[in-house]
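The structure appears right after this line, and notes come after that.
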Amino acid sequence: MDIEGKVVETVEEYDLMVKKDKVVVALSGGKDSTSVLYILKKLGYDVHGLMIDLYLGEWSEIHKKNMTRFCEELDVPLTVVDLKKEIGQGICFVKAVLAKKKGLTGCTVCGIIKRWVLNKWARKLGADVIVTGHNLDDEAQNVLMNYLKGNVSLGAGLAPMTGGSQLKIVGGSSSESSGGSELEILGGSASLGACVAKNQEPRTKNQLNFVQRVKPLFFVPESEVRKFAEDMKFDILYDRCPCAFGTYRVDTRGWMVENMKDEDKLKVVEGFMESVGGMKKDDREVRSCEVCGEVSRGKVCKFCEIVQCV
Ligand code: AMP
Ligand code: ZN
C-alpha cells in the first residue's frame, strides 16, 4: 500500500478526523510534516499550517521560507508563532539555562515547549485536531527507549491518537459526560461536547481545552516518507534539527537504522499496542495548571516550571 493509502486507512480505522474538522498541521519544515500536510490537503481536509519559529539561526530561517512558499502554493493558510514573543527567548537560550540549572538535556525541553505552544495556538485557531508528522520510526524508537530505560509503562496509550479521549481530569466543581467517550472526569467546571468521529459528530472537547493530537503517519516507516517527499520534489531541508546530537534518542535511532528492517519496527509497535498498550490505558490524572491554565499533570505544568527558571 502506498503512503496515501496508509494515511487513509489510519485516519479511518482510528477515527482521527472528519472532513468538517478544522485540521491544524504542526509544521517543522521537515519531510514528515510537509508530506502529511500535502496528503491531507489532497484528500480534501480543511488544513491550516502552524509553525513555531524556534530561533535556531539559519536553519529556522530556511524552514520558515520553505513552508511559507509551500503553503502559498497549496493555498493553505499558515500561522508562524514567534517563540521570542511567546516566552521572551529563543530555544537555544532556554535549553542552555535549563541544562545548567536543572541538568535537563536532550530534546526534553524543546518537546515541552513545542507541545504547550502548539496546543495554545491550535486552540486559538479553532482546531479540532493537531496533526504531527510522527512516523513509525519515531514510535518504534519511543517503545525501545522506554524499554531500555526500564520504564515500559511510559508508553501506555501508544496509538495514532494520544491524550484527549483517555484523560482523567481532577479539580473543579461539577462534571458532565457524554456517551461514547472514554474520558473520565473527577470534577471540573465546563461541559463536554459530544464525541467520536465515527458518527460524524463533533469530537470531544474537554474542559481543559486540550486539542486532540493525531498522527496519520503512525504506521508509515521513515524510509517511505523520505521517498515520497523526494519523488514529489518538495523543496525542503532533510537535515536533522541542529540541537539533536549526542542524545539517547539519537543513539537509539542510529542503532535502529543499523539493525532493524521496517517490518521489524512495525512488529515492535503493533506488538506493544496489543500487549502493554492494550492492557493499561494512560489513566494518569490531569488538571488545569495553576499558573497558565493549560492542561497539566501536576499543580504547575512543566512548561511553567521551565519558563519560571529562565
Ligand atoms: P520532532 O520533535 O522535531 O521530531 O518533530 C515531531 C513533529 O512535531 C513534527 O513532525 C511536527 O509535526 C512537529 N514540530 C516539530 N517542530 C515544530 C515546529 N518548530 N513548529 C511546529 N511543529 C513542529
Ligand atoms: Zn502552566
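Order of listing sets the numbers, starting from 1, for every ligand and every atom in it. It should be emphasised that the depicted structure is a prediction, and the values quoted were computed from it without experimental measurement. Values below: every heavy atom of this structure, side chains too, minus hydrogens, waters and symmetry copies.
Residue Leu27 places at least one N or O, backbone or side chain, under 3.5 Å from an N or O of ligand 1. Of the N or O atoms in Leu54, none lie within a sub-3.5 Å distance of an N or O in ligand 1.
Under the 4.5 Å side-chain heavy-atom criterion for Ile, Leu, Val, Met, Phe, Trp and Tyr, Leu78 and Phe234 are members of the same hydrophobic cluster.
Protein heavy atom closest to atom 14 (N) of ligand 1, with residue, atom name and distance, is Ser28 CB, 3.8 Å. Looking at atom 10 (O) of ligand 1, its nearest protein heavy atom turns out to be Gly133 N, 3.0 Å. Atom 11 (C) of ligand 1 has its closest protein heavy atom at Ala26 O, 3.2 Å. Closest protein heavy atom to atom 20 (N) of ligand 1: Ile52 N, 2.9 Å.
Checking Asp32 against Asn135 by side-chain atom types alone, a donor-acceptor pair falls below 3.5 Å. For the 3.5 Å distance criterion, the side chains of Asp128 and Gln212 fail to qualify, holding no donor opposite an acceptor. Between the side chains of Glu86 and Trp121, a donor-acceptor pair is found at a separation under 3.5 Å.
For Lys302, the NZ atom is loosely surrounded, since the number of other residues' heavy atoms within 6.0 Å does not exceed 12.
When each atom of ligand 1 is checked for a heavy atom of His134 under 4.0 Å away, the hits are 6 (C), 7 (C). Of all atoms in ligand 1, listed by their number and element, those nearer than 4.0 Å to a heavy atom of Met51 are 20 (N), 21 (C). Of all atoms in ligand 1, numbered sequentially from 1 with element shown, those under 4.0 Å from a heavy atom of Leu50 are 21 (C).
To the nearest 0.5 Å, atoms CG (Leu27) and SG (Cys71) are separated by 5.5 Å.
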Side chain to side chain donor-acceptor pair (under 3.5 Å), that's the test. Do His63 and Ser28 meet it? Break it down for me.
CA-CA 7 Å; His63 277 304; Ser28 64; over 6 Å; no
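Distances from atom 3 (O) of ligand 1 to the heavy atoms of Arg115, Lys114, Lys215 show the closest one on Lys114.
Not a single donor-acceptor pair under 3.5 Å links the side chain of Asp21 to the backbone N or O of Met17.
The Zn ion (ligand 2) forms the vertex of an angle spanning SG of Cys304 and SG of Cys292; to the nearest 10 degrees it equals 110°. In this structure, SG of Cys301 and SG of Cys289 enclose an angle of 110° at the Zn ion (ligand 2), rounded to 10°.
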